[in-house]
Amino acid sequence: MKAQFGSKIGLIAATVGSAVGLGNIWRFPAEVQANGGAAFLIVYIACVFLLGIPVMLGEFALGRYGQTDAVGVYRKLSPGTPWWMTGLIGIVASYVILSFYTVVAGWTFEYLFQSITGELYETIPGDAPGSTAQFADRMAQYVSSTWKPLLYTVVVIAINLGVLLKGVQKGIERLSNLLMPLLFCLLAIFVVVALQLPGAVEGLRFFLTPDFSKITPKVVIDALGQSFFSLSLGMGVLITYASYFPRDTRLTKTAVTVSVLDLLVAVMVGLIIFPAVMSFGLQGESFEGATLVFVTLPEVFARMAGTQIWSILFFLLLFVAALTSTISIGEVSVAYFSDHLKMTRKKACLAVMLPLLVFSPICSLSNGVLSDFRIFGMTIFSCLDAFSTNILLPLGGLLMSIYLGWVAPKGFMKTQLTNDGQHPTRSAGLVSFILKWIAPVLILIIFVAGLL
Ligand code: PFF
């Protein structure tokens, strides 16, 4: 029998678990900092509603209709045409992303562990205690070393395998039901603590005062790309999860709930990061890449009373966010192997996760011993990141919206969004219009900009 989520809450928790990830916790604040504070937030919210939710609805409609993997649904709707390749692009993108996302999830796990043992806050000879140099050196040493990151990457792969083997309800749904409330509680605690720090108001003011002079076309494109990544669009994750939605699921309500919760997490993260960083005068430091979470925030914790507790709770939060995202990415390929290639779930999980024991270590080592090996001047890690995030994701999303807007059987979106006419909704026409005319143009712009 086809697997299904067992409850509405579970279905939302799993989908939010996929959406909420490193994109919310480190990419979003970095974009806000660089691009005019609240001005970026406003543009970002517009992107979520204009592009994110309609494309999410497209993926939901395909998945729930097809009740199968991201390739199978195109074969079912348009047999004998090459549109199934759109699904394949998503699967390839997801696998590439998985190979480096597991490495980064491993870093978060290691930092959680080092927070528990206190090692993270031990001084390094030559660096002033609690200084930027101390944390920057620690991170550089850790990321470029050979064995430790490999060990933690393998741990992450093993946890993913364990959860995926248990299946949709007993694995993914149960874990999400447990971890998502934990994630929101941790966020709420951090918001309260951050807002009480001395000088927090300065940070709040930065986050909530728009500087529209910073909004350029490039910023709008960044916001579009960020909304795409943050909502887990373009790689078939949401097609796959929606194939586990019961037939009577209200798609519009679900998409709005998931997107608003994802947005809420991003805003809560902003309410934590900016007050905390400004309260300790660290706003001049880099927010780029992994620096915010692995360098700047440990510096903040080092200056707070209860350093270790805050550090443990934060890296737990980061690990939870990363883990539920990796699981959703892995499920795309597991579904393909089991639905399409007719493997048992167990075999499919092994076939997906075991090769990662080769690919993920290569990504990890490309930050260290393999760092001299460059493709287009980039390390393997950065190259795969750029290739999947800037090219495969938008390409998958572009083809999907062209398919839904122009190729899919007439009335497909409307039938799906209204549950066969049982729940008429005015938004169905608007969503179809956006998928036909607006989404392809916007995604094409993200795509071309990513290539330049
Ligand atoms: N949405 C996740 C994040 O914000 O970190 C990342 C992600 C997960 C992207 C799943 C794409 C995806 F299919």
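One-based numbering, in listed order, for ligands and for the atoms of each.
In this structure, the side chains of Ser230 and Asn24 come closer than 4.5 Å at one or more pairs of heavy atoms. At least one side-chain heavy atom of Ile189 sits less than 4.5 Å from a side-chain heavy atom of Trp310.
More than 12 non-hydrogen atoms from other residues, nucleotides or ligands lie less than 6.0 angstrom from CZ of Phe212.
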Determine whether Asn419 and Asp248 satisfy the following criterion, side chain to side chain donor-acceptor pair (under 3.5 Å), listing intermediate values before the conclusion. CA-CA 7 Å; Asn419 286 2; Asp248 61 356; over 6 Å; no
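Side-chain contact check for Ser18 and Ser232: at least one donor-acceptor pair (N or O, by modelled atom type) lies under 3.5 Å.
Lys218 and Glu31 are not joined by a salt bridge, as no carboxylate oxygen comes within less than 4.0 angstrom of a charged side-chain nitrogen.
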Return a table of N or O atom pairs, ligand 1 on one side and protein on the other, at distances under 3.5 Å, rounded to 0.1 Å.
| residue | atom | partner | partner atom | Å |
| --- | --- | --- | --- | --- |
| ligand 1 | 1 (N) | Ser18 | O | 3.3 |
| ligand 1 | 1 (N) | Ala19 | O | 2.9 |
| ligand 1 | 1 (N) | Phe229 | O | 2.9 |
| ligand 1 | 1 (N) | Ser230 | O | 3.1 |
| ligand 1 | 1 (N) | Ser232 | OG | 3.1 |
| ligand 1 | 4 (O) | Ala19 | O | 3.0 |
| ligand 1 | 4 (O) | Gly23 | N | 3.4 |
| ligand 1 | 4 (O) | Asn24 | OD1 | 3.4 |
| ligand 1 | 5 (O) | Leu22 | N | 3.0 |
| ligand 1 | 5 (O) | Gly23 | N | 2.8 |
| ligand 1 | 5 (O) | Tyr101 | OH | 2.7 |

